[in-house]
Protein chains: 2
Amino acid sequence: MAVTIRDVAEASGVHVSTVSRAFSAPHLVNPETRTRVLAIAEDLGYRPNRAARALTTGRTHNIGLIVADIANPFFPPLIKAAQAQARLRDYHVFVADTDEDPQVEEDLIQTLTKQVDGVLLCSPRLTNRTIERLREEVPFVVVNRRAKGMPTVLMDVGRGARQAVEHLTALGHRRIALVTGPSGSWTSKEMQEAAAAMNDVDVVFLGPNPPTELGGLAAATDVIASGATGVLAYNDLVAIGLIEGLAERGKNVPGDVSVIGVDDIVPGRLSRPKLTTIAMPTAAAGRIAVDLLLQSVDSAATAAATMLETALIVRESTGKAHR
Amino acid sequence: MAVTIRDVAEASGVHVSTVSRAFSAPHLVNPETRTRVLAIAEDLGYRPNRAARALTTGRTHNIGLIVADIANPFFPPLIKAAQAQARLRDYHVFVADTDEDPQVEEDLIQTLTKQVDGVLLCSPRLTNRTIERLREEVPFVVVNRRAKGMPTVLMDVGRGARQAVEHLTALGHRRIALVTGPSGSWTSKEMQEAAAAMNDVDVVFLGPNPPTELGGLAAATDVIASGATGVLAYNDLVAIGLIEGLAERGKNVPGDVSVIGVDDIVPGRLSRPKLTTIAMPTAAAGRIAVDLLLQSVDSAATAAATMLETALIVRESTGKAHR
DNA sequence: GACAGTGATACAAACGATTGCACTAAAGTA
DNA sequence: TACTTTAGTGCAATCGTTTGTATCACTGTC
């Protein structure tokens, strides 16, 4: 049915090995032969069978990309960038969604293992122990989690949080609430530590909260009770929910309270007021993670952590403190 | 390195073919032998090599999922559902993003072809001619486009548009603008036809427009000039942009103008005012498309079109006409 | 003129599974 | 008793590539 290397070989009167080398080791074959073979291959519409190639070389030229929830607006830009970068390197990407379930995550890794050269683990829900065990079977790159023994891509939310707090203090806010995320979150911990170390400002911590709009909505009363006029939320979804919750209680953003989110997701750019936020370099993270992964596929893994810069983007949800 | 069927065979003192059958043809092997083999396989941590299996069976147990833009909020729920459904059927999913480029789309299909049993084409940018040509090489299911000769999953935007217009007329609007999408869009055409057939209401068509917030933003002046008090936008992004454009010109939504979007994407649910919209059953589309695809993989393709219901969701961007 | 060196190609053995066929032994049939 | 049947298993070819080694015809060297 499909055209194989054998068909090309017969059509061009050479041995299959010559055809193979025409593609993968050009310097070993006569330039004339090569062009002829390539032309005939093109003609016949030959496409190498990657499964067969994988069998001999041990390289599938596939990678797995595992995220907790594709529908979470934080991930698509990362997936998109990772996929594009992989394509550039002639790799294909399996995308899998664990639905936030660690067991599913582990199963997925297990079945994917034989089919990929490496796995990109984004915001894993697995314990570090489990990750280290699975590490034996397939190379990993972990995004958004510190995991020793393997390459890691992190985003500098600590710096982002400092910038955010500075932005708020510059606007005259003296009492700031940090609406934290889930208790296990590395990101949340980083933000807390950074904020706690700031001078000239009162920081109160409100949380933990689910990392969703509902989480933000529910946090509104606590924020009002805290007396804070500036808020840094765990992420944009929480920030949007919070703004809604504040509005329900008669508080206007940014008139009464200033709110800053994290992630710079699309909904934040489109909400009203447009969200001031800490932009996460998700696309860069995707690209870099892919490169690190492919690197660690054919050489020893550099178990280094890569820290990416974040950036404060000021829009409409922050304003001067009136007091 | 990895444990193969051969290792299992040796460890259990049977031939590899018996091990193979213990997995794939249980009725051909003695129950006792089978349980023993399975236990040993489990013990050794044996995982079948899918590349090798693909080579002999011709079934990769992979499918390709091609979308124009992963970062477009319309797609993630569809991808998520498709991926989950595939997993249920023991299939893995390659996700690829064409960046709206038909050439990339074609290349992707070409390289993916040898690695998948079928391809899910979502809102393709390729011409029908090209799709029909590629159809020779791999089974397709097309979502959001009518394409003859292959299974198709469509969403009933025509009915949605009718409901939307009825909703507006019920609120007293007598002059309605339809802000259309790209000229090649099947969805846009469906909406136009449905709206044109309505009674008791003036419908003006404004477009074509790019299917983005910018498209909506730019359409604001035309909408105002048209004198329409109700608007049906090509999609939620356009609707959000339009609302912003109207606001810039002093028009309030829903006070002065009512706006309805299409898709029910997350940003629409979070924007202010919350968008009244036609919900598209994207998750169902993903699930059904996968099932159709797997079905057409091992039997003749049923080239039928499946039409999915849409639903009008009334939120805050529509209100009574004041006149 | 014999021989090493080299460039180009052919040969054949893998890779890890599946599967049609052959074989054996025990059970069923006449 | 001689036969067919059947259940259970082994054998070996096969899928489409890659790749180490063998072959062969030149060219250049001494």
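Lettering of chains follows the sequences in order, A, B, ..., and the numbering in each one begins at 1.
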Quiz item: Under a 4.5 Å cut-off applied to non-hydrogen side-chain atoms, are A:Thr130 and A:Glu105 in contact?
Solution: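 No, too far: nothing below the 4.5 Å cut-off.
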
Within the structure, does a side-chain N or O atom of [X] lie under 4.0 Å from either OP1 or OP2 of [N]?
X	N	result
A:Arg6	D:dG16	no
A:His15	C:dT9	no
B:Ser17	D:dT9	no
B:Ser20	C:dT19	no

Quiz item: Among all residues two or more places apart in sequence or in another chain, which pass the ring pair (Phe, Tyr, Trp, His ring centres under 6.0 Å) test with B:Phe74?
Solution: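 Counting only residues at least two positions away or on another chain, B:Phe74 forms no ring pair (Phe, Tyr, Trp, His ring centres under 6.0 Å).
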
Quiz item: Looking at B:Arg146 and B:Glu190, does any basic side-chain N land under 4.0 Å from a carboxylate oxygen?
Solution: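 No, no charged N to carboxylate O under 4.0 Å.
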
Quiz item: Could B:Asp69 and B:Arg125 be called an ion pair, given the rule that one side-chain N must be under 4.0 Å from one carboxylate O?
Solution: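 Result for this pair is no, no salt bridge flagged.
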
Provide, to the nearest angstrom, the distance between the [atom1] atom belonging to [X] and the [atom2] atom belonging to [N].
X	N	atom1	atom2	result
B:His61	C:dT18	NE2	P	11 Å
A:Phe23	C:dT9	CZ	C1'	17 Å
B:Arg53	D:dG16	CZ	C1'	18 Å
A:Arg59	C:dA14	CZ	P	21 Å
B:Asn49	C:dA14	CG	P	18 Å

Quiz item: Where along residues 26-36 of chain B does a heavy atom fall under 4.0 Å from DNA chain D?
Solution: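 Within residues 26-36 of chain B, the residues near DNA chain D are B:Leu28, B:Val29, B:Asn30, B:Thr33.
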
Picking from [options], which would you name as closest to the side chain of [X]?
X	options	value
B:Ile5	D:dT18, C:dT9, C:dT18	C:dT18
B:Thr56	D:dT17, D:dT19, C:dG16	C:dG16
A:Leu55	C:dG16, C:dA17, C:dA10	C:dG16

Quiz item: Is B:Tyr46 touching bases, backbone alone, or none of the nucleic acid, heavy atoms closer than 4.0 Å?
Solution: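 Contact class for B:Tyr46: sugar-phosphate only.
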
Practice problem: Check every strand shown and say whether A:Arg47 touches a base, only sugar-phosphate, or nothing at a heavy-atom separation below 4.0 Å. | Solution: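 It contacts sugar-phosphate atoms only.
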
Quiz item: Taking B:Arg145 for the side chain and B:Ser123 for the main chain, is one N or O donor matched with an acceptor at less than 3.5 Å?
Solution: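 Pair absent, no side-chain N/O of B:Arg145 close to backbone of B:Ser123.
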
Quiz item: Of all residues at least two apart in sequence or in a different chain, which pass the side-chain hydrogen bond (donor to acceptor under 3.5 Å, both in side chains) check with B:Asp101?
Solution: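 Once residues adjacent in sequence are excluded, B:Asp101 has no partner under the side-chain hydrogen bond (donor to acceptor under 3.5 Å, both in side chains) criterion.
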
Self-check item: N/O donor-acceptor pair, side chain A:Arg21 with base D:dG20, under 3.5 angstrom
Solution: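 When only heavy-atom distances are counted, A:Arg21 does reach the base of D:dG20 through a donor-acceptor pair under 3.5 Å.
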
Quiz item: Using a distance-only test with no angle check, is there a side-chain donor-acceptor pair under 3.5 angstrom linking A:Gln103 and A:Asp107?
Solution: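 Present: a donor and an acceptor within the cut-off.
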
